[in-house]
Every structure is written in C-alpha cells, then in structure tokens.
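Sequence positions, counted from 1, serve as the residue numbers for this chain.
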Amino acid sequence: MRCPLMHAFAALLDSLIYTRGRNAKLKLIADYLVATPDPDRGWAMAALTGDLDLPGVKPALIRALIEERVDPVLFRMSRDYVGDTAETVALLWPAPAVPSDPEPLSVADAVERLRHLSRSDAPAVLAGMLDRLDAEERFALLKMATGALRIGVSARLAKTALAQAFGLDVEAVEEIWHGIAAPYPTLFAWAEGRGVQPTPLDVPVFRPFMLAHGLEDARVDLADYAAEWKWDGIRVQIVHVAGETRLYSRTGDDVTGSFPDVAAAFSTPGAVDGELLVKGEFQGGEAASFNALQQRLGRKSVSAKMLAEYPAFVRLYDILFDGPEDLRELPWTERRARLEAFVPRLDPDRFDLSQVIEAEDFTELEAIRAGARDAAIEGVMLKRRDSPYVGGRRAGLWYKWKRDPLTADCVMMYAQRGSGRRSSYYSDYTFGCWTEEGELLPVGKAYSGITDEELKMLDRFVRTHTLNRFGPVREVERSLVLEIAFDSLHASTRHKSGVAMRFPRIARIRIDKPAAEADRVETLRRLVT
C-alpha cells in the first residue's frame, strides 16, 4: 500500500537528484517541509543533513537480503550497470508471495523502528518494510537508512531551505541546530510560531565557520591584512559550555568521539576555531602530514593504541567566545589579542597558537610561501585586520592562498564506473608510474578535474582498450598518460609504490606523450614530505 508520507519523501529525493539549480533545490525542500507534518519532516531533515544514524542497517545487510531473493550474479551485474546499490535493490526487489501488511509506513515509522533494532533483528524488519513499498519508496528508505543520499544537497543547503520556508535567519538556525535532537520539535514549533526560539546558553552548539575566498591572482596590502599559515588538517570548532565539551567539523558534524583526547583537555569555557592535526613522530612534536590524521578520522571510538600512536592537537586560529562573552563582532586584531591571552590557559600538549607570518610586503610573502614545503602546510591565509568573525564567505575579508600543486605524468591502469549521474561512465581511474625495472605501480586514484567532453573521451578509451575485467573494474592498455595534480605526497606502507597522493585530480589528458615517458616512482618518492 502506498503511504503518502513515505511517497512524498521518495518524490522529494527523486526530484532533487534530477534538479541542478540551487534555487530549485531550495524550493523543493522548502515546499516539502511546509506540506509535511511532524515528525516526518524532522526525520527527513536529519537524513538530508547527515544527522540520521541507523546502526542496525549496513550495506552488507542490504546486499545479503537481495541476494537471498534474486540471483546474486544478476544483482552484481545490475549493480555494476546501475552504479548504485539502493537503486538496484529498489528495482530488483520482488513482490512478496503473501500480500504485504496494509498498514501505511511513514518516514517516522521507519526511522523509529530501525534506529532501535539490533543487527540480528534488522534483516527481517527491513525486509518487511521493503515488501510494503513501491520501487521509489524502497529507494528512499534504503538511501535514508544507510546515510548515503548523494543527491547534491549539503547540510547547509537543507538548513537554508528550512530557513527560507519559514522566514527564519539561516545563521540563527545553524546556531541552535546541534543543540536540538532530531526530529527537532522545538525548532519547527519556533518556525511556525508555536514556540519560543531555542537558545544555545546551556548547550555547546556549533556556530558557522568564517570561510575564505581564493586569492587567485590578486595581491593585498599587508598593512590591511595579516598572514598566517594554512595548516593541512581539518578545521574544527571546540566549544565548552556548562561542563561539556564538543568538537565540530567545518560542516557542523560532531567529531568529539573521534578525538576524546582533545575534548578532555579543553575545559575552559569558551569557543575557539583552529586546525586539528596529529603530532609527527620524527618532527619534535610538530604537525605530521594529513596522512597521519586520516588514521583517526571517521571513527566513533578510538583505541588506546591509536591515541598513543596518533596524538591529536589543535593549532588555534581564532576565538569566538571567551566564557559567555561573544567576541565575533570584534575586529580580527582584537580577537587575536584575546586569543593570545586565552591560549596560555589551555593544555600546551593539546593546543598551540598559529603564528602570524612576518613579512615586510606582499613580494616578501610570495617568497616565503614559495619556499614552504612542510608536510602540514597547505598555503597561506590572509585576514583583514578589521574583519569581524562572520559565518560563510564574505568578499574582501579573508583569502586563502594555497601553494601551487605538484604534478606528475602517470599512466592509466584501471577504471571503474562512477556513481549518480556518472554511473553510466567509466569515470574513476587508477594510475601508476614506472619503477626502474620497468614495472608500472599504482600511485593514486582520481575522478575529478575533467570536463564532460573529456569524461566521454576517457570512457570511450576504457571501453575500447580493455584488457581484463575484475568485477566492476576494467584493466586497460598501458598507453594513456594523465597529468595528475596533487597537493602533497606522503610515504605509505599500504601501497606497493610506497607513496600516497593528497587530493589527486586530473590536470590534463596527455595524448601527446608516450606512456614510456611517464614519471618514475623514484621521482615521486623524492617529493615525499
């Protein structure tokens, strides 16, 4: 039986997938939120913003359920063609032999049942739900359950749509978002005028980060701007209120569980902004490369061994609150002075201060930046000295000036289909460089940096130059050279080549260059930082 509430959510996801424009996406979400009752719209917002966690439902469970009902080979071939597990399962799921439960299933019904399930009970319950839904609704349920929406909607966009739907200030919504649990009843009560505005006085909530525009080819006057290093970790906000500390990522995700050592060391009331890094083993406690930090990212719990091997610390950039005092309206120079007074009150093993770069003028700063190849330096930040701390990007206030990328000529080795709108194309490429003995070793994977026309060209190359197939992966002739740009190179024991690229992307397709003239692994190893 079709459930109007589940069908409405399914229709929203379907429309968002095929809608490109930002304003059109905002209207779709806003219309849905206005028309949908509580708590369905609250759980839908949790799914759209990545705040919905259903631990009993994992991709392996979904694969096991479908392979019990259809030929596993048929499923895998279909999955390879479609490029998305949820969509494949939604289309292949067979009609039940016995008529399904006629009771309607809403978004809230599904979430409430799935979020309290053990992994042992989840298969039967999820299968029963899928039996009651049509293909569109099955797709929506599976996407929501696995947290893998990938529909071109960021958490910020969803919150902006909510704000526009009810005439709220999006910064006010962001300010209280993490202090309210899904399905956000007090938020919607405020939005509809049925309740008072929630406040962050007693909850360590997230405040929107101040962001920077790229400097591009511009120059600034250092009399008006201060320069700091842009460190290569992850930007975090640390908040301590009413005896509780939380760490938030730039997107507002709560990452406290991944870094309990940092949270435990921050017990001074206030809110600060900085770069989360890991100490380097051979660098006297200085920052290690991003590769070391990756060992701890995304973990809900961290072992004692990992805490010891990858000790985290935060290099502080700015201060938002000193105790209950809101400092965001102060100019950068005053906030910097307050931050310098605040840092000595913190644990020096876990917190330090990002230093201002001393340069007479922009020309000298260019020379300093050009000479920076520290593993943890990503570039330079330029901050207007009179700038307040405002959420989002504001023209003329802060600039990021990344160091120039490194490049290497690599040979395509393998290709795999992409996801979403790229699911019909071979768009994910593994590439390698030569050893001195003439062996080609993989050094990275990339899928970005190419135009739609270049994507079609590479897809044709893969299809017409395939040597072997390994499930969804195709091995291709070692004849096409790709110029790969990357931010830095790190030693890696997980790769036979011994190197790992940071942010690899395709800079050019080198049809002019013979594969034998691509770069050597030894050349890359000399770039390791």
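Of the possible polar contacts, one joining the T435 side chain to the E439 backbone as a donor-acceptor pair under 3.5 Å is found. Proximity of a side-chain donor or acceptor of R115 to a complementary backbone N or O of L54 within less than 3.5 Å is not detected. Between the side chain of R525 and the backbone N or O of V499, no donor-acceptor pair lies under 3.5 Å. Checking side-chain atoms of D40 against main-chain N and O of V107 turns up a donor-acceptor pair under 3.5 Å. For R520 (side chain) and A518 (main-chain N/O), a donor-acceptor pair under 3.5 Å exists by modelled atom type. No donor-acceptor pair under 3.5 Å is formed between the side chain of E87 and the backbone N or O of D84. At distances below 3.5 Å, at least one donor-acceptor pair connects side-chain atoms of K25 with backbone N or O atoms of T19.
Checking E275 against Y317 by side-chain atom types alone, a donor-acceptor pair falls below 3.5 Å. Y414 and R474 share no donor-acceptor pair across their side chains, judged by distance under 3.5 Å alone.
The shortest distance between side-chain heavy atoms of Q237 and D273 does not fall below 4.5 Å. For the pair L524/S497, no side-chain contact is recorded, criterion being any heavy-atom separation below 4.5 Å from C-beta on. Using a 4.5 Å heavy-atom cutoff, the side chains of E366 and R219 are in contact. A 4.5 Å side-chain heavy-atom check between S258 and L297 finds every atom pair outside the cut-off. Side-chain atoms of I506 and Y429, non-hydrogen and from C-beta on, do get closer than 4.5 Å to each other. The closest side-chain heavy-atom distance from F139 to I17 is below 4.5 Å. Using a 4.5 Å heavy-atom threshold, the side chains of M413 and V476 count as separate. The side-chain heavy atoms of L482 and R508, taken from C-beta on, include no pair separated by under 4.5 Å.
When M306, K279, R296 are each tested for a side-chain contact (heavy atoms from CB on, under 4.5 Å) with P311, only one passes: K279. No option in L141, D121, L117 other than L141 meets the side-chain contact (heavy atoms from CB on, under 4.5 Å) test with L126.
Nearest approach of D131 to P94, heavy atoms of both residues: OD1-O, 4.3 Å. The two residues I29 and A158 have their closest heavy-atom pair at CD1-CA, 4.3 Å. Considering every non-hydrogen atom in both F362 and A218, the closest pair reads CZ-O, 4.0 Å. Annotation for Y399 and A212: closest pair C-CB, 3.7 Å, computed over non-hydrogen atoms. Across every non-hydrogen atom of G379 and W229, the tightest pair is O-CE3, 3.3 Å. Taking each heavy atom of L455 and S427 in turn, the nearest pair found is CD1-CB, 3.4 Å.
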task: Given side chain to side chain contact (heavy atoms under 4.5 Å, CB included), test L215 with L382 step by step and report yes or no.
output: CA-CA 9 Å; L215 186 64; L382 294 159; 3.8 Å; yes
field: Check against side chain to side chain contact (heavy atoms under 4.5 Å, CB included), F75 and L92
entry: CA-CA 8 Å; F75 165 65; L92 285 179; 4.2 Å; yes
- request: Tell me, with the steps shown, if F431 and M501 meet side chain to side chain contact (heavy atoms under 4.5 Å, CB included).
  value: CA-CA 11 Å; F431 43 83; M501 289 179 173; 3.8 Å; yes
- request: Start with the C-alpha gap between D409 and K513, add the side-chain angles, then the distance that decides, and say whether salt bridge (Lys or Arg N to Asp or Glu O under 4.0 Å) holds.
  value: CA-CA 9 Å; D409 288 333; K513 189 162 192 172; 2.5 Å; yes
message: For a side chain to side chain contact (heavy atoms under 4.5 Å, CB included) check, start with the C-alpha distance between T49 and L162, then their side-chain angles and the critical distance, and finish with the verdict.
response: CA-CA 11 Å; T49 56; L162 185 150; over 6 Å; no
query: Under the salt bridge (Lys or Arg N to Asp or Glu O under 4.0 Å) criterion, do R478 and E475 qualify, and how do the steps go?
result: CA-CA 9 Å; R478 273 60 161 157; E475 180 184 11; 3.0 Å; yes
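The CG atom of L397 lies 4.5 Å from the CE atom of M210; values are rounded to the nearest 0.5 Å. How far CG of L130 is from CG of L65: 7.0 Å, rounded to the nearest 0.5 Å. Within the model, atoms CG of L211 and NZ of K400 stand 7.5 Å from one another, a figure rounded to the nearest 0.5 Å. If you take CZ on F259 and CG on L276, they are separated by 4.5 Å, rounding to the nearest 0.5 Å. With rounding to the nearest 0.5 angstrom, the CG atom of L33 is 7.5 Å from the CZ atom of R41. To the nearest 0.5 Å, atom CZ of residue R79 and atom OG1 of residue T85 are 4.0 Å apart.
A salt bridge is defined here as a Lys NZ or Arg NE, NH1 or NH2 lying under 4.0 Å from an Asp or Glu carboxylate O, and K456 with D452 fails to meet this definition. With respect to D487 and R505, a salt bridge is recorded, a charged nitrogen being found less than 4.0 Å from a carboxylate O.
In the displayed structure, Y18 atom OH is contacted under 6.0 Å by at most 12 heavy atoms of other residues, nucleotides or ligands. Around CE of M77, the count of heavy atoms belonging to other residues, nucleotides or ligands within 6.0 Å does not exceed 12.
In this view, K402 and E378 satisfy the salt bridge (charged side-chain N to carboxylate O under 4.0 Å, His left out) rule, not counting sequence neighbours. Not counting sequence neighbours, R113 has no partner by the salt bridge (charged side-chain N to carboxylate O under 4.0 Å, His left out) test. Judged as a salt bridge (charged side-chain N to carboxylate O under 4.0 Å, His left out), and not counting sequence neighbours, the contacts of E228 are K383.
Aromatic ring orientation, F206 versus F209: tilted (interplanar angle from 30° to 60°).
Cation-pi check for R393 over W398 is not met; the charged atom does not lie both under 6.0 angstrom from the ring centroid and within 45 degrees of its normal.
Counting only residues at least two apart or in different chains, side-chain hydrogen bond (donor to acceptor under 3.5 Å, both in side chains) contacts with residues 151-165 comprise R156-E171, R156-E174, K159-E174. Identified under the side-chain hydrogen bond (donor to acceptor under 3.5 Å, both in side chains) test for residues 55-72, with sequence neighbours left out: E67-R76.
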Would you tabulate the side-chain donor-acceptor contacts of residues 440-450 under 3.5 Å, counting partners in other chains and residues two or more places apart, or write 'none'?
none

